[in-house]
Each structure stands twice: as structure tokens, then as C-alpha cells.
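Please read all numbers here as calculations on a predicted model, not as lab measurements. So you know, we letter chains A, B, ... as the sequences are listed, proteins then strands, and number each from 1.
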Amino acid sequence: MENAQIARALETIATLMELKDETYYRVLGYRRAAESVAAVGRPAYEIQDLRELPHVGGTIAQVIKDLAEDRTPKVLTDLLEEIPSGLVEVTRLPGVGPRTAGRLWRELGITSVEDLAELEEGTLASLKGFGRKSEERILRAARTYNSRERRMLLDEAAALGEHLLRFVRSHPACVEAEIAGSLRRQKETIGDLDLVAASRQGKALADAFAEAPFVDEVVAHGPRKVFIKCRGVEVDLRIVRPEAFGSLLHHFTGGQAHNIALRERAVKIGLNISEYGLAKLGTGEYEPVGTEDKVYERLGLQYIPPELREDTGEISAAQKGELPALVELGDLRGDLHVHTNWSDGKGTIETMAEAAIEPGYEYLVFCDHSQSLKVANGLSPGRLVKKLEAVRAADEKYPEIRLLCGSEVDILKDGTMDYEDDLLAELDFVVASVHTSFRMGEEAMTERIVRAMNNPYVRTIAHPTGRILNRRDPYEVDVSRLILEAKATNTALELNSAPERLDLAVPYMREAVDAGVRITIDTDAHDEVGLGFVKFGISQARRAWVEKESVINCLPLAEFEEYLKSGK
DNA sequence: GCCGTTTTCGGCCCGACTGTTTTCAGTCG
């Protein structure tokens with residue numbers, strides 16, 4: 001079983017335990033362990049001592065081991081004997097938690113969302129503690145439930161977030177406002193949006209937000225908090241007075257696990273943390289904190305950038321003053337993987353070059369598709385030679401930027417490259433990737449890519465797992481092995497910045513960089529606008545603790561050319 | 001369940017809002 005599935009299983013165990021009314025901290029233990037497993041790139045079955053993962057002790061280590069080796073752990077078997085598995089889904093309905101789901105099961109025999117949806121009106125309202133409103137809300141949730149929830153890609157979430165943020169900021173009662181939550185942490189996909197604002201007239205701002213034109217539904221509405229739905233997305237706005245804005249921003253940037261760990265730590269040094277500030281333990285007298293870095297300072301920690309706030313080791317690193325100097329957008333000197341209308345891109349060599357001059361890039365590598373990828377108008381060897389000449393000519397025209405000609409060469413089914421080595425040798429840079437025969441099985445796919453890595457001209461493997469978020473799972477491939485081979489062959493791994501890809505994914509990327517593998521952060525842009533998506537590649541790299549020293553396209557032009565000249 | 005700058009046992013985050021309540025439990029983030 002893979003790490004993502006193991007994490008889901010641990011999550012299920014936690015929810016089943018909640019339904020059983022198990023001790024809160026036991027449940028929390030499984031939840032935290034689930035996050036730890038999800039965040040690690042190395043497959044669990046390869047990890048010698050699972051207890052090295054945060055929040056994994058002897059008991060859960062054994063549970064993970066069972067799951068990794070495709071056995072059902074006893075704790076899960078026992079739980080499933082007692083509690084119908086369909087109830088887990090019932091707890092995912094908005095407004096329905098474990099207590100409610102448990103009562104529905106015990107008192108009405110409900111064992112699934114479908115059962116609930118078919119319930120007659122009035123049945124629910126007759127239960128003690130339930131009224132007409134509760135019934136209406138729960139039934140509606142059950143009847144409109146869609147198990148395949150679609151999470152927003154980063155670019156859509158960012159666009160919506162900015163739109164809502166502009167509204168909040170433009171209100172006269174707003175002093176300051178920011179996007180918080182998972183969007184600020186730049187998670188790879190976004191479920192809901194969190195906005196925070198500072199105001200002296202919180203209620204006025206809250207009311208205005210609840211009545212804004214983009215609001216489809218008001219879920220909750222108080223003076224400090226408004227919870228709305230907008231285009232099917234849940235949006236939370238929280239408001240405090242300006243003095244406490246740092247505390248609020250910090251509190252709602254999360255993640256949940258990071259906040260809990262931080263508050264536990266604070267208690268140990270005699271402090272409570274909330275969105276209103278810091279208080280001496282137990283006094284409830286919160287002293288507001290205006291900025292986030294002050295929050296960390298008061299806790300004796302280095303400032304932790306939002307992208308790292310997941311409780312995956314950042315707190316102890318910050319305590320020791322050992323946080324990485326994360327790569328920044330401004331560190332990038334070029335893009336090594338963009339397309340043009342020579343294959344399936346929309347931009348021309350010239351328009352793409354001009355778009356790359358804009359952010360101050362020192363170099364740009366055009367990598368159009370190779371011959372066998374006919375659907376993408378892949379270049380025959382003859383056309384590739386012509387394009388090489390065209391790029392050389394364009395390079396003369398733009399002294400501001402070095403234009404180079406590469407290719408995104410298909411890795412054929414047997415692991416050979418889609419052009420002869422003689423031709424690859426003519427190119428400035430070779431990106432290799434898989435676009436066909438995705439379902440050949442893990443072993444064959446791994447061998448296929450490893451063979452490509454051993455080609456002396458292949459510099460980087462583009463979108464190494466082939467996933468398309470919300471649409472296509474990654475193909476089966478042994479990423480740990482790819483990381484080892486990348487290191488051995490001095491081949492880079494690409495972090496593809498396209499919001500629907502973000503491939504290689506963060507947990508793997510962190511493993512790769514830890515193993516000393518260098519990476520390329522590219523856009524795979526097919527038009528000028530696409531170049532701008534590099535900010536998402538950068539944020540994913542930051543989430544993976546990447547420093548600029550690991551990134552090939554952070555090299556200044558002279559050093560980059562040196563790297564090209566020296567071969568692999 | 002996990003974990004250790006008080007602890008290997010006894011601790012273990014914090015608050016807003018809602019609905020159905022006469023004082024609070026449940027849900028959510």
C-alpha cells in the first residue's frame with residue numbers, strides 16, 4: 001500500500017474511533033500520524049524504523065507496517081466489526097460530526113449517506129436535541145453529497161482569493177487584510193479559502209462581507225467571523241482589531257497540526273496562544289501581537305515561512321536556528337522547459353523570449369515535443385534542425401537574454417529516446433519525459449525512466465510521475481529508485497510548475513533534495529501567460545524545503561553555461 | 001495514541017457560531 005492510502009486508512013481508523021467515542025487524544029494520535037505518513041516521500045515499507053516519523057510510536061508503527069504490507073491491522077478489523085464503515089462518509093457531511101453520526105446510527109439505524117438521504121421528513125426532527133433546521137440542513141447535505149469532491153487548483157484558488165481579498169480591502173472599515181489558510185501555505189490543491197482582516201468596526205466589515213454580491217449562501221455570520229459559500233467554495237473571513245492582526249494571520253495560516261504543536265510548545269514555556277495574542281498561562285489575558293515574526297520571536301523560534309507550517313520538522317528546526325534558506329522567485333535565472341508554436345505551443349520563439357525578458361531571466365530554453373508525439377505536433381529531426389537555426393537567429397536578436405534550443409524528448413516504451421544520440425548531442429539541453437504507455441506496471445516504467453537517465457544527454461526528467469491533479473493519477477513508478485538513479489547519473493528531476501501537474505510532488509521532492517539530487521523548476525509553458533505559473537513551482541519547492549543551491553536554473557548564466565559545457 | 005528544557009507517567013490547543021437550549025454540546029477550522 002502506498003503512503004497516501006496508508007494515511008487515508010489511518011484517517012479512517014481515527015474517525016471510526018471517534019464514532020466509538022474513543023479518547024480524544026488517542027484519535028488525535030492517529031490523525032497526526034496520518035499527516036506524517038502523507039508528508040514523507042519514501043514508501044513506508046522501505047523505512048526501517050517508522051518511529052522516526054513524527055507522532056508515530058510503537059503502536060501506530062505496527063499499524064503502518066501492516067498497511068504497507070497489505071495486511072489489515074487488527075485495530076481496523078476490530079473497529080469495522082463494531083461500526084459500519086459507511087458512517088465514516090456520514091461524518092464528512094458538513095455540519096455532521098462523529099457524535100451526530102453515532103446517534104443517527106444507534107437511534108435510526110443509519111449506516112450510510114444513502115440511508116440518510118432516503119430518510120423521511122420529520123424523522124430526524126423528532127430526535128431529542130434536533131429541530132426542524134437541523135433536519136433540513138442534514139438532509140440537504142446528504143442528498144447533495146458528492147463523494148468525489150473536486151479541490152481547486154492553485155491558480156483558480158489564487159484568482160478567487162484575490163478577488164475576495166480586493167473586496168475586503170476596499171471596505172472603509174478594513175485596516176488590513178490577507179489571504180490565510182492553505183492557500184497562503186500554497187498547498188497543491190485548495191479546498192476552501194480563509195481570509196483575515198484587521199478592523200476597528202469588525203461588525204460593519206462582517207456584515208458587508210455577508211451581503212457581498214459574490215455570496216451564494218451565508219453559513220454562519222457573527223461579528224468576528226463570517227462563513228459563506230461562493231461559487232461552490234466555502235470562504236471564512238475572520239476579523240480582529242488591528243493590534244492583533246499578526247496573531248490572527250498566524251492562527252489562520254495553520255496548518256492545524258503546526259498550530260497544535262506550537263500551542264503545546266507554548267504551554268510548556270508558560271504561554272497560551274490564540275488568534276488574539278499571547279497570554280500568560282491560564283490568565284486568559286491576551287496581549288495582542290501585531291506581526292507574525294513577533295509571534296515566533298516570543299516563542300523563541302526563528303520565523304517559519306507559511307509554506308513550512310505543516311508540523312513536519314519545522315518547529316524543532318526553527319528552535320535550533322536551522323531552518324533552510326528557502327528558494328525564492330527572485331533566485332530563478334531562467335526557464336528550461338517552454339514550448340512554442342513549432343510544436344503545440346501558442347507563443348512564438350520571439351513572444352516567449354520577450355515574456356521571459358520581462359521578469360529578468362538570463363536564459364530560456366525552448367523544448368518542443370519530439371517526433372513520435374504526433375498529437376502535439378512533435379518535431380521531425382529535420383524540423384528540429386531548422387528550429388535550432390531559428391533559435392540561434394533569435395538569440396542574436398535579443399542581447400538581454402540567452403536563448404537556447406533543447407527538446408522535450410519522449411522516453412519511448414523501451415526506455416530509448418525519441419531522437420538519435422547524434423541529434424541530442426546537437427541540442428543545448430535535453431528534457432526527457434513519458435507521454436505514452438502509462439499503464440505498463442511499476443517495474444517496467446521504472447526501468448524505462450532509469451534507462452533514459454543513463455542517456456548521457458538527458459539533463460532532467462520532466463513531470464516524473466505524470467499525474468494531472470483531479471484528472472489522472474500518477475503512473476506506477478518507483479520514485480525512490482528514480483531518486484537514487486538521478487543521483488547516480490547526475491540527472492535532475494523537474495518540478496513542473498503547471499498548476500495541474502506540480503510534479504514531482506512535495507514529499508518526493510524533499511526526499512530527492514535530501515538525497516543530493518538537483519532539480520529544475522520549469523513551467524512547461526505553452527504560452528506567454530504560462531511562464532507566470534513558475535510562482536507555483538517555487539512555492540512547491542519551498543514546501544519541500546528546497547534551497548537555491550539545489551536548483552539548476554538558479555545558476556547565473558555563466559555558471560549555467562559552464563554546467564552545459566561540462567556534460568553530465 | 002504520543003512524548004520529555006518539570007515528566008518514562010501524566011500530561012497533552014483554542015475560540016466562534018449555531019441550534020435548541022435555560023446553560024451547553026456539537027461542529028469547524
Side-chain angles (χ1 to χ4, degrees), chain A residues 10 13-14 17-18 21-36 50-51 53-64 73 75 91-104 124-125 127-138 141 180-182 185 191-196 202 206 210 218-228 234-240 244 247-248 250-279 281-282 284 286 299-300 311 316 319-320:
Chain A
L10 293 173
I13 292 172
M17 283 181 163
E18 265 186 321
D21 204 13
E22 187 60 80
T23 320
Y24 171 75
Y25 287 104
R26 214 177 153 209
V27 174
L28 186 62
Y30 278 89
R31 290 249 149 84
R32 294 173 125 175
E35 295 210 24
S36 295
L50 286 159
R51 287 176 302 178
L53 299 179
H55 309 300
V56 175
T59 308
I60 294 187
Q62 186 56 49
V63 173
I64 295 174
V75 59
T91 67
R92 294 201 191 113
L93 297 173
V96 180
R99 316 299 288 227
T100 307
R103 283 196 60 196
L104 294 173
L124 219 50
L127 255 50
K128 186 168 158 50
F130 286 81
R132 196 183 47 80
K133 281 192 168 178
S134 299
E135 172 173 284
E136 201 182 318
R137 186 173 44 80
I138 292 171
S182 56
R185 298 200 310 282
D192 52 25
L193 297 179
D194 291 288
L195 301 178
V196 294
V218 178
V219 182
H221 177 191
R224 298 179 174 86
K225 164 182 164 141
V226 186
F227 187 32
I228 62 145
E234 295 179 338
V235 184
D236 216 339
L237 171 68
R238 293 293 306 256
I239 306 164
V240 293
S247 289
L248 179 68
H250 175 261
H251 183 84
F252 280 98
T253 296
Q256 189 79 333
H258 173 87
N259 281 0
I260 290 177
L262 214 60
R263 286 181 216 133
E264 283 176 354
R265 190 192 142 78
V267 167
K268 284 178 189 148
I269 58 172
L271 292 169
N272 289 112
I273 310 178
S274 83
E275 60 265 54
Y276 300 110
L278 294 170
L281 200 59
Y286 283 96
L299 296 170
D311 193 27
S316 61
Q319 187 190 339
K320 296 181 212 145

Which part of the nucleic acid, if any, lies within contact of [X], taking any heavy atom under 4.0 Å across all strands shown: a base, the sugar-phosphate backbone alone, or nothing?
| X | answer |
| --- | --- |
| A/R137 | nothing |
| A/G254 | nothing |
| A/I273 | sugar-phosphate |

I want to verify a distance call: between [options], whose nearest atom is closest to the [X] side chain?
| X | options | answer |
| --- | --- | --- |
| A/D194 | B/dG29, B/dG15, B/dG1 | B/dG29 |
| A/Y286 | B/dT7, B/dC14, B/dG29 | B/dC14 |
| A/R224 | B/dT5, B/dC14, B/dC17 | B/dC17 |
| A/Y30 | B/dC14, B/dG1, B/dA16 | B/dG1 |
| A/P223 | B/dT5, B/dA16, B/dC17 | B/dC17 |
| A/T59 | B/dC14, B/dC2, B/dT18 | B/dC2 |
| A/E275 | B/dG15, B/dG1, B/dG29 | B/dG15 |
| A/R26 | B/dC17, B/dG1, B/dC14 | B/dG1 |

query = Do we count A/F227 as stacking onto B/dC17 if the rule is ring centres under 5.5 Å and planes under 30°?
reply = no
Could you give the distance from [atom1] ([X]) to [atom2] ([Y]), rounded to the nearest 0.5 Å?
| X | Y | atom1 | atom2 | result |
| --- | --- | --- | --- | --- |
| A/E22 | A/I13 | CD | CD1 | 12.0 Å |
| A/I138 | A/L93 | CD1 | CG | 8.5 Å |
| A/I239 | A/K225 | CD1 | NZ | 12.0 Å |

Taking [X] for its side chain and [Y] for its backbone only, find out whether a donor-acceptor pair lies under 3.5 Å.
| X | Y | answer |
| --- | --- | --- |
| A/D194 | A/T253 | no |
| A/N259 | A/H251 | yes |
| A/T23 | A/Y25 | no |
| A/E135 | A/A125 | yes |

Euclidean distance for [atom1], [N] against [M] (whole angstrom):
| N | M | atom1 | answer |
| --- | --- | --- | --- |
| B/dT22 | B/dC17 | P | 22 Å |
| B/dT8 | B/dC3 | C1' | 9 Å |
| B/dG26 | B/dT20 | C1' | 12 Å |
| B/dG19 | B/dC12 | P | 33 Å |
| B/dT6 | B/dG11 | P | 16 Å |
| B/dT18 | B/dT23 | C1' | 15 Å |
| B/dC14 | B/dT21 | C1' | 24 Å |

message = Here's a test of your reading of the structure: between A/L53 and A/H251, which maps to the more 5' nucleotide of DNA chain B?
response = A/L53
message = Reading DNA chain B from 5' onward, which residue's closest nucleotide shows up sooner: A/A61 or A/L93?
response =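 Residue closer to the 5' terminus by nearest nucleotide: A/A61.
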Could you tell me how far apart [X] ([atom1]) and [N] ([atom2]) are, to the nearest whole angstrom?
| X | N | atom1 | atom2 | answer |
| --- | --- | --- | --- | --- |
| A/I260 | B/dG29 | CD1 | C1' | 10 Å |
| A/L195 | B/dG29 | CG | P | 14 Å |
| A/D311 | B/dC2 | CG | C1' | 12 Å |
| A/H55 | B/dG4 | NE2 | P | 10 Å |
| A/E234 | B/dT18 | CD | P | 15 Å |
| A/K268 | B/dC12 | NZ | C1' | 8 Å |
| A/R31 | B/dT27 | CZ | P | 12 Å |
| A/E264 | B/dG1 | CD | C1' | 12 Å |

task = Could you tell me whether A/E264 atom CD has more than 12 heavy atoms of other residues or ligands within 6.0 Å of it?
result = yes
key: Footprint string (nucleotides 20-26 of chain B, 5' to 3'): B base within contact, S backbone only, - free, heavy atoms under 4.0 Å   = S-----S
key: Distance test, side-chain N/O of A/Y25 to OP1/OP2 of B/dG1, below 4.0 Å   =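 No, A/Y25 has no side-chain N/O under 4.0 Å of OP1/OP2 on B/dG1.
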query = Within less than 4.0 Å of OP1 or OP2 of B/dC14, is there a side-chain N or O belonging to A/Y276?
reply =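 Result: no.
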query = For A/S36, which residues count as a side-chain contact (heavy atoms from CB on, under 4.5 Å) partner, sequence neighbours excluded?
reply =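 Expected list: A/L53, A/P54, A/H55.
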Extract all donor-acceptor atom pairs below 3.5 Å that involve side chains of residues 97-104 of chain A and protein atoms in other chains or at least two apart in sequence.
residue	atom	partner	partner atom	Å
A/R99	NH1	A/D21	OD1	3.4
A/R103	NE	A/E107	OE2	2.8
A/R103	NH1	A/K128	O	2.9
A/R103	NH2	A/E107	OE1	3.1
A/R103	NH2	A/E107	OE2	3.4
A/R103	NH2	A/K128	O	3.1

remark   = Partner of B/dT8 under the Watson-Crick or G-U wobble criteria, both distances under 3.5 Å, comes out as none
